[in-house]
Amino acid sequence: MTSSPYSMFGIGELESGLYGQNAGMGGVAYGMRNSMLINIENPAGLTALDNKRLLTDLSTFVKNESYTSGNKSNEAFTGSFSGLVFGGRVIPRWYMAASLTPYSSVWYYFQSIQPIEGNPHENYTSTFTGSGGVSKVSLSNAYLLSQHWSLGLNLCYLFGDIVQTERQGSLTVDKKMHARSFYANLGIQYHRSINHDLSYVIGLSMGIARNWMSIMSSPYRTAMQLPTRNKSRRNRVYLNISV
């Protein structure tokens, strides 16, 4: 979740995709592995999971954001879900994980006051709002090739809806976007123990297949409220236009 006005562009503000130990290490992920870490950033790290457990990781986050424009400022305290992951060993040497994480988020509300052209003493107010975002579902597989080498594969599907609205007086314009995409990435790790308490890991992750994100926009929906009057009563006529 975000409250940034910059989330009005594209598919919104991109999320880090990190959670738990990876987020606590400042984003370090490709070379991390241990018996309690479901590392979907580099799926090769799944081969370190405890062989006798099915692990679950549910993560949330909170953050405080502050924005300043001219002599005005705005502060927002937000929080949201950041990941739900299941993982464990399927058979000897083969490990799997399934996850749902946010990919981007859109949430903004702001107003702009501008003078009317030709009449600088009169102003009009525009209100911009947006909500929605894109989520990612992943299926991760990992195989322990040898004592020191692990290989992993992520299959990911992105989906989500974004709604944007602009209001000027009695005129409202709505736009809805649907985002869909599929991609895969490959991960590999080399791991070796130096002694009982010390080891090192070298990790690499690379994209091997990616479709461009398909973004479909619904027709603009324009609504205008037109008041009419007569001697005995007041009527309101609503005009809806699709472009």
Side-chain angles (χ1 to χ4, degrees), residues 1-30 37-43 56-69 72-87 97-112 126-140 154-167 172-185 205 207 210-221:
M1 178 68 71
T2 181
S3 61
S4 169
Y6 299 107
S7 66
M8 71 181 297
F9 301 107
I11 60 171
E13 188 173 271
L14 296 181
E15 303 289 348
S16 66
L18 301 174
Y19 57 91
Q21 295 182 43
N22 291 342
M25 290 290 291
V28 176
Y30 295 152
L37 173 64
I38 310 176
N39 186 359
I40 60 173
E41 292 301 306
N42 186 349
T56 304
D57 194 334
L58 174 63
S59 301
T60 60
F61 75 93
V62 293
K63 64 179 177 180
N64 186 69
E65 298 175 310
S66 179
Y67 303 95
T68 302
S69 177
K72 296 183 178 180
S73 63
N74 181 59
E75 191 167 316
F77 184 79
T78 61
S80 184
F81 154 85
S82 61
L84 175 62
V85 190
F86 300 91
S99 63
L100 172 64
T101 56
Y103 186 80
S104 73
S105 61
V106 176
W107 185 264
Y108 60 87
Y109 174 91
F110 62 93
Q111 293 182 329
S112 174
S126 299
T127 303
F128 302 87
T129 59
S131 62
V134 178
S135 300
K136 180 174 73 171
V137 174
S138 301
L139 179 64
S140 306
N154 276 334
L155 300 176
C156 307
Y157 179 67
L158 304 178
F159 65 96
D161 297 324
I162 298 171
V163 179
Q164 297 178 319
T165 302
E166 179 180 351
R167 294 185 179 88
T172 301
V173 179
D174 292 324
K175 180 182 179 183
K176 188 173 184 179
M177 296 183 292
H178 313 274
R180 304 289 185 271
S181 183
F182 172 83
Y183 73 94
N185 64 285
S205 181
R210 179 184 290 270
N211 292 333
W212 293 106
M213 182 172 291
S214 173
I215 300 179
M216 298 175 291
S217 297
S218 297
Y220 286 89
R221 185 177 68 85

Which heavy atom of A97 sits nearest a heavy atom of I40, and at what distance? CB-CG2, 4.4 Å
Measure the shortest side-chain to side-chain distance between V163 and D174 over non-hydrogen atoms and say whether it is less than 4.5 angstrom. no
Can you measure from OG (S181) to NZ (K136) and round to the nearest 0.5 angstrom? 11.0 Å
Side chains of D57 and S59: is there a donor and an acceptor less than 3.5 Å apart? yes
Sorted by chain and number, sequence neighbours left out, side chain to side chain contact (heavy atoms under 4.5 Å, CB included) with L14 holds for I11, Y103, S104
Decide yes or no for Y157 and R180: does some side-chain heavy atom of the first lie under 4.5 Å from some side-chain heavy atom of the second? yes
Residue set satisfying ring pair (Phe, Tyr, Trp, His ring centres under 6.0 Å) with F128, at least two apart, ordered chain then number -> F110
Are S205 and N185 close enough that a side-chain donor and a side-chain acceptor fall under 3.5 Å? yes
Are more than 12 heavy atoms from other residues, nucleotides or ligands located less than 6.0 Å from atom OH of Y6? no
Quiz question: by atom type and distance under 3.5 Å, do the side chains of S105 and E15 form a donor-acceptor pair? yes
T101 versus G83, closest heavy-atom pair with distance: CG2-CA, 3.9 Å
T127 versus Y109: any side-chain heavy-atom pair under 4.5 Å? yes
Within the 4.5 Å heavy-atom criterion, are E13 and Y108 side-chain neighbours or not? no
Here the gap from H178 atom NE2 to I162 atom CD1, rounded to the nearest 0.5 Å, amounts to 10.5 Å
Would you check if the side chain of N154 reaches a backbone N or O of P43 as a donor-acceptor pair within less than 3.5 Å? no
Quick one, F86 and I38 - any side-chain contact, counting heavy atoms below 4.5 Å? no
Does the side chain of L58 come within less than 4.5 Å of F81's, by heavy atoms? yes
What is the minimum heavy-atom distance between M177 and G10, and which atoms define it? CE-O, 3.9 Å
